[in-house]
Amino acid sequence: MLTNIIEQLLNGLRTGSIYALIALGYTMVYGIAKMINFAHGDIIMVGAYALYVAIINMQLPAIPAVLLTCVTCAVLGVGIEKVAYKPLRKAPPLAVLITAIGVSYFLQSASLLIFGATPIPFKSIIDVPAIKLGSVTVSGLTLVTLLVTTVCMIALTLFINKTKAGSAMRAVSEDKGAASLMGINVNRTISMTFAIGSFLAAVAGILYICQYQSLRPTLGALPGIKAFVAAVLGGIGSVPGAMIGGILLGIIESISKAYISTELADAIVFGVLVVVLLVKPSGLMGKNSTEKV
Amino acid sequence: MAMLKVTDLKVYYGVIQAIKGISFEVNQGEVIALIGANGAGKTTILHTVTGLIPPKTGKIEFEGKDITKLQGHKIVSLGMAHVPEGRRVFASLTVLENLKLGAYTRKDKEEINASLEMVYKRFPRLEERKSQLAGTLSGGEQQMLAMGRALMSKPRILLMDEPSMGLSPIYVNEIFDIIKQVSAEGTTVLLVEQNAKKALDIADRAYVLETGNIALEGKASDLMNNESVKKAYLGE
Amino acid sequence: GSKEEGSKPAEDSKPAADDAAADASDADANAAPAAGENTFVIGGLGPLTGSAASYGNSVKQGAEIAIKEINDAGGVKVGDTTYQLVLNFKDDEASEETVVPAYQSLMDDGINALLGTVTSGAGLAITDLTLQDGILQITPSGSAIACIENDNAFRICFTDPLQGQAMAEYMVDKKGLKKIAVIYNTSDEYSTGIKDKFEEVVAEKGGEIVASEAFQKDDVDFSAQLTKIKSTDAEAIFVPAYYNDAAYITAQANDMGMSLPFFGSDGWDGVLAAVTDPAFVEGAIFLSPFLASDDSAKDFTTAYEAAYSATPDQFAADGYDTVYVMKAAMEKAGSIESADLIAAMDGLTVDGLTGAMTFDKSGEPNKGAKFIEIKEGQYAYTAD
Amino acid sequence: MKSGILNRQYTALIVPIGVNIMLAVSLNLVTGFLGELSLGHACFMSIGAYTGALISTSMELPSYAEFFLALIAGGVMAAVFGFLIGVPVLRLHGDYLAIVTLAFGEIVKSILNALPFTNGSKGLSKIPMYSNYQHYTLVFILVILTIVIITNLVKSRHGRAICSLRDNYIASESIGIPVSRFKVLAFVIGAFFAGIAGVVYAHNVGIIKPTTFDYNKSIEILVIVVLGGMGSIKGSIIAAVILTVLPEMLRGADDYRMLLYSIVLIVMMLFNNSEVKERLLEMNLFKRHQKEVD
Amino acid sequence: MALLEVNGLGISFGGLRAVDDFTIRIEKGMLYGLIGPNGAGKTTVFNMLTGVYRPNNGTIKLDGENLVGKNPAQICQTGVARTFQNIRLFKKMSVLDNVKVALHNETKYSLWTSMFRLPGYFKKEKEMDQRALDILAVFGLDGQAQVMASNLPYGQQRKLEIARALATNPKLLLLDEPAAGMNPNETAELMETIKLVRDKFDVTILLIEHDMKLVAGICEYLTVLNFGTELASGTPDVVLHDPAVVTAYLGE
Ligand SMILES: Nc1ncnc2c1ncn2[C@@H]1O[C@H](COP(=O)(O)OP(=O)(O)OP(=O)(O)O)[C@@H](O)[C@H]1O
Ligand SMILES: Nc1ncnc2c1ncn2[C@@H]1O[C@H](COP(=O)(O)OP(=O)(O)OP(=O)(O)O)[C@@H](O)[C@H]1O
Ligand SMILES: [Mg+2]
Ligand SMILES: [Mg+2]
């Protein structure tokens, strides 16, 4: 029984750590550019296909392939921002949200045209042995994912809070005009936000397909939404919150599947989310609004 | 040569013309006051100079360089600082982070710290509250922060939009003293003020703005004695 | 040109056909092929985009192979006229909403028979419309019972309950399995349709369903369900689902070191191409009337691989068979009028890729269930 | 069937256009006027659709009476759910509220999938076609009713209170607007009309399944509202027509259909907020635009 | 009995005691001034009076009715209206509508009337238009009724905010730095308007202001706040010459 619980927790941790990784990139763009980037999940999908092309079509070794994937996604992220979001700087935030949905459709249908609808199997490029702890085994990939997520989370937190570029980002997120009065290059800062966010999406994409070993054009949609939920659960704009939110989401999901009902698991997960937000309206780690009357 | 030279500036909000062809100059070391009624266009001029709003026509030169089409952050890094109307502090950042952002364009760590000390000395309240979130400061405290933040960049020219707004009388005097000091240290100042009397007191020259046009200009002391100025802006 | 009596599209069923041809001519040159002289237009409906796109594409491509074969061999001879077949396939996104205008636009273009829909849900939304139009409708893969309730509708594949029943009988009777776990897609009527009947029959036969675990559309992580099953005394796992889900499930079971045998529904066809290591599905048995590597399918598989550089799956075979059933109906009816075609379906026998099938008024293709086992990384029909 | 000018493909779009108009106009009340992003509008639609369909498939009344009953029950039931969702609305706003509306939509979807009488993932089929294109006059009346009632509401004291919450809720509170009551009110009325739209949808398509009403559907409606302009009812109507017809117009493009659709969507959004459009408005449409803003 | 009676009011933010043991009594019809250095806690007092913040201790009574624990909307309906230090208008609504929203609890008709434009609608709307225009006229804003609020210059926005507050028909009107951003002439004009408002609308006014000309010119009684506690109170000529007030607040 105990083994079973631990195994289910580990299952949750495995999916959760991937949600967390995706949520990091999500929250980054979300917190700084103040927009829900619905295309984030699809950048993960592009990352997955990019890795596939690099490894299978271009026959690159793993490390250059990973680098190429990350660069591709970062460039793509910046490109999307320039073409589709930048012209809408002065528009209401919801307008950008809709454009992001358009971009998401675009990326999905483009990859459908290029790679077809049939799922493509893909063998994991990460080969780390599992660890046995008593009667339970923790898969190597779960450990790698957790490690990568934690490193990204710490790096991102330090970057945003401790570096000059990081505080420039936070300034831009609050008031672009005032930020430019500080001498901050607003456009470049936002580009950098998207580059980092998309870089993280690429990392997530790589780990995602190493975990699930199958590619299809719609693979980013569900994780994208889950990551959005995780980011809000953890508190919008809070980097550690995104990580905690993601992992928690994975664990709640797996526990409710295991001990309540697989059929109602989604309802339970979302129910927990609603309850958490009712108790703590700004998410687990979110700051309460600083608006002073 | 004028440090800041604005020629035939016209600015629109949509179809509304806010600035209707204005020219003025600010010379090195001067304190220039810009006064005028509500909605005359003072804020609009400052915003246009620092690149927050694009002008329709006209030319803006800073130290001989055409900055009309330059992006805001480039203009600022040329040595210009702007205390904006409504303070616009970064509400979810701490006081200290706000101040450090003021020095964003500077690299010299030592000197930045020196500037920080200087700002703290001028506004002790800011040092007391250095880790408070700027959004929770009182109105007057925020005004001090906006001012301190601008000083952090060690500007060669300082643009100020109603810096005394919301400050207690004691601090209003303080602020004007600080402006005098800053000017004495060699910084050029372009000051927009509703408190025309105090502004004209410390200014060398002044421009009087009326609905998008310059109605009067001249030495501050002359304007102070100008009957129409007295009547319209000094409340006498 | 003159039209022969018999070859005229049925006046009452397709009143818009002539107008539509005119419409089509002032649309751009690549517009959908219209019904015209000596062509028999097969309208197709299925998802070409969205998450079900792979099924629609397979059906479409399978049908295209059949049509090319038939046309290359001279077409279909009906009475004195020889017809070339044309496929006009439209995307319905597997959505009940989109399928209606998609179907109507087929009717605007003018079609002689309908191949579709690929998915059940969309099909249910147009059954009444096709009945009103009186057109012959054959769904290659719409497996919900109600898809073919009307007299003008037929299908090529098995119904869901039939599969559930066949698999239950096979597992309990033939394999002697008593404790069975099920993993099914709760948001998919195909999956739940099979599962409901399966569980019912297993119980009747004295077997026990030790775990019945659901998952949702687009889920990729099945570890919670598998862990749960691991802690039961299940002897086998039955997964009534499509091959991409099966690929995730088997791979993850393998990761967890589970060695229970897997059984599947016909949606499993194609699973080998979807897993990274054939060992994951070694020994799995599923019901399928079609096997790409089988001798009977050799020509089709070769042609399909040449055209689309992919191995055909059961959907492709269903699409292919649908076209041949239509051809047979035309030849038997000696006419291409819808009413005659529909009448000709009763008692029609066609030896297709998916087996020999005989149609009756109910619309079901009476054909035997065949089981495929994956052995040494290859599909093979089971001996029994 | 002899529909004159329209061919069958476009005739089939008449009812979906009506449904989308009702959905968009009602969502606009919540998103455009109240200013809260709702990602769960399809949830209300599903409540209406299921309620209506259960009534008309289980009752044996004359068709008009049955449909009328289905409409009322569907609307009311959806409104009840709107009220339930209104409870968290009292504490949350912005993106947090958006995620809660999304969550509610998914919860309702899961429950519809699990309840015995909703027939799980197979959904309800054989729903009588009371509102298909042959009854478009009826649908037309419902659409007009929705538009008129919501337009009236927006231009009343209640509507002004709702709009004030969007602009500055702290100020609204300070002038005595019971903030919670109006937030809930907007949700309830929006839900009511979404429910009606759901009933019409169900009786047009004849089959409903839980998956039809997932968040993608909610997002589709949101796209219409935002494209048409937040707080512009006229815009919602126009955008509903464009976005329903567009995919069908792109049918000829086959494989490139969704790709083109996405490009058109992005381009429309960019144009909608571009200087080019501002210029055009300045040139000749300025007066009309100004009115809309007021 | 005084209109407003506040006793021992206090609130803390984290470790900061922003207001401590604040006590004030305002008689009906008075024009009362609240002054003090930046950060003394004046705005915070307003926030507690209007229910934006809930005080940690102390009581607030308006006309004998307790206000602590009520939410801002309820407090407004009890008869307290306010303006904000940083202007809070309904920016995307017209000037007229800004005032009409505030008439919400004054002129009522039912939801059904709204949705179906029943006969009462037009009559009541007309009444509201008239009332709103009357109020706007006091501030010289009636000519701008159809302008979007965000397009007004700063000074007029301040006036509109006062007009909106008045439309709720308050017993007590709280003004937070009404003259900020105005030049001396505009301030002088505002002083006249405030006096006019007090007489015409029969309200009691409590205002925060740093402009001593205004304070000395119109306030009948003053309380000075420093570090959250009362430093002095009395009539302006006494308070403004109090040495403690001069050192802490006025300077020179
Ligand atoms: N964002 C805007 N959109 C439209 N009109 C504007 C905008 N900002 C300012 N205006 C208009 O432009 C004119 C000039 O405004 P500006 O803010 O420059 O005046 P100001 O002299 O700074 O006044 P104040 O003393 O009130 O700060 C005013 O008529 C104002 O209504
Ligand atoms: N929400 C809050 N969180 C933390 N500190 C706060 C908060 N609100 C106010 N304060 C602090 O409480 C003190 C009083 O603020 P308040 O706004 O009442 O000052 P004030 O007297 O109105 O000053 P001013 O004249 O500058 O507007 C200030 O030091 C401020 O920083
Ligand atoms: Mg200004
Ligand atoms: Mg204050």
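Numbers restart at 1 for each chain; the letters A, B, ... are given by sequence-line order, proteins then strands.
With chain B as partner, the option from E/Gly39, E/Gly181, E/Pro37 having the largest number of non-hydrogen pairs under 4.5 angstrom is E/Gly181. With chain E as the partner, the residue from B/Ala232, B/Gly39, B/Pro169, B/Ala196 showing the most heavy-atom pairs under 4.5 Å is B/Pro169. Contact tally against chain E (heavy-atom pairs below 4.5 Å) for B/Thr43, B/Ile170, B/Ile16, B/Ile35: the top residue is B/Ile170. Among B/Arg129, B/Glu85, B/Gln143, B/Arg87, the residue making the largest number of heavy-atom pairs under 4.5 Å with chain E is B/Arg129. Contacts with chain E were tallied for B/Gly140, B/Ser168, B/Gly166; B/Ser168 has the most, counting heavy-atom pairs under 4.5 Å. Heavy-atom pairs under 4.5 Å with chain E peak, among B/Met165, B/Met144, B/Gln194, B/Arg125, at B/Gln194.
Heavy atoms closer than 4.5 Å to chain E are found in both the backbone and the side chain of B/Glu141. No part of E/Thr187 comes within reach of chain B, as not one of its non-hydrogen atoms sits under 4.5 angstrom from that chain. Interface residue E/Leu16: only side-chain heavy atoms are found under 4.5 Å from chain B. When heavy atoms are compared at a cutoff of 4.5 Å, E/Ala179 does not approach chain B at all. Contact of B/Asn173 with chain E is made through the side chain alone, with heavy-atom distances under 4.5 Å. Residue contact with chain B, scored on non-hydrogen atoms closer than 4.5 Å, involves the backbone and the side chain of E/Ala180 alike. E/Met212 touches chain B through its side chain: at least one heavy atom from C-beta onward sits under 4.5 Å away, while N, CA, C and O do not. With a threshold of 4.5 angstrom between heavy atoms, B/Ala40 does not approach chain E through any atom at all.
Side-chain polar atoms of B/Gln132 and B/Thr136 form a donor-acceptor pair below 3.5 angstrom. When only modelled atom types and interatomic distance are considered, B/Ser164 and B/Glu193 share a side-chain donor-acceptor pair under 3.5 Å. Side-chain contact annotation: B/Asn38 with E/Gln156, donor-acceptor N/O pair under 3.5 Å absent.
Applying the side-chain hydrogen bond (donor to acceptor under 3.5 Å, both in side chains) test between B/Arg122 and each of B/Glu174, B/Glu117, B/Gln181 identifies B/Gln181 as the sole match.
Ion pairing of E/Arg17 with E/Asp20 is present here, as a side-chain N (NZ or NE/NH1/NH2) and a carboxylate O approach within less than 4.0 Å. The pair B/Lys100-B/Glu97 does not count as a salt bridge, with every side-chain nitrogen at least 4.0 angstrom from each carboxylate oxygen.
Annotation: cation-pi pair B/Lys56/B/Tyr12 present, NZ/CZ under 6.0 Å from the ring centroid and within 45° of its normal. Annotation: cation-pi geometry satisfied between E/Arg88 and E/Phe84 (NZ/CZ under 6.0 angstrom from ring centroid, within 45° of ring axis).
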Go through B/Ser23 and B/Val6 one step at a time and tell me if the side-chain contact (heavy atoms from CB on, under 4.5 Å) criterion holds. CA-CA 5 Å; B/Ser23 303; B/Val6 173; 5.9 Å; no
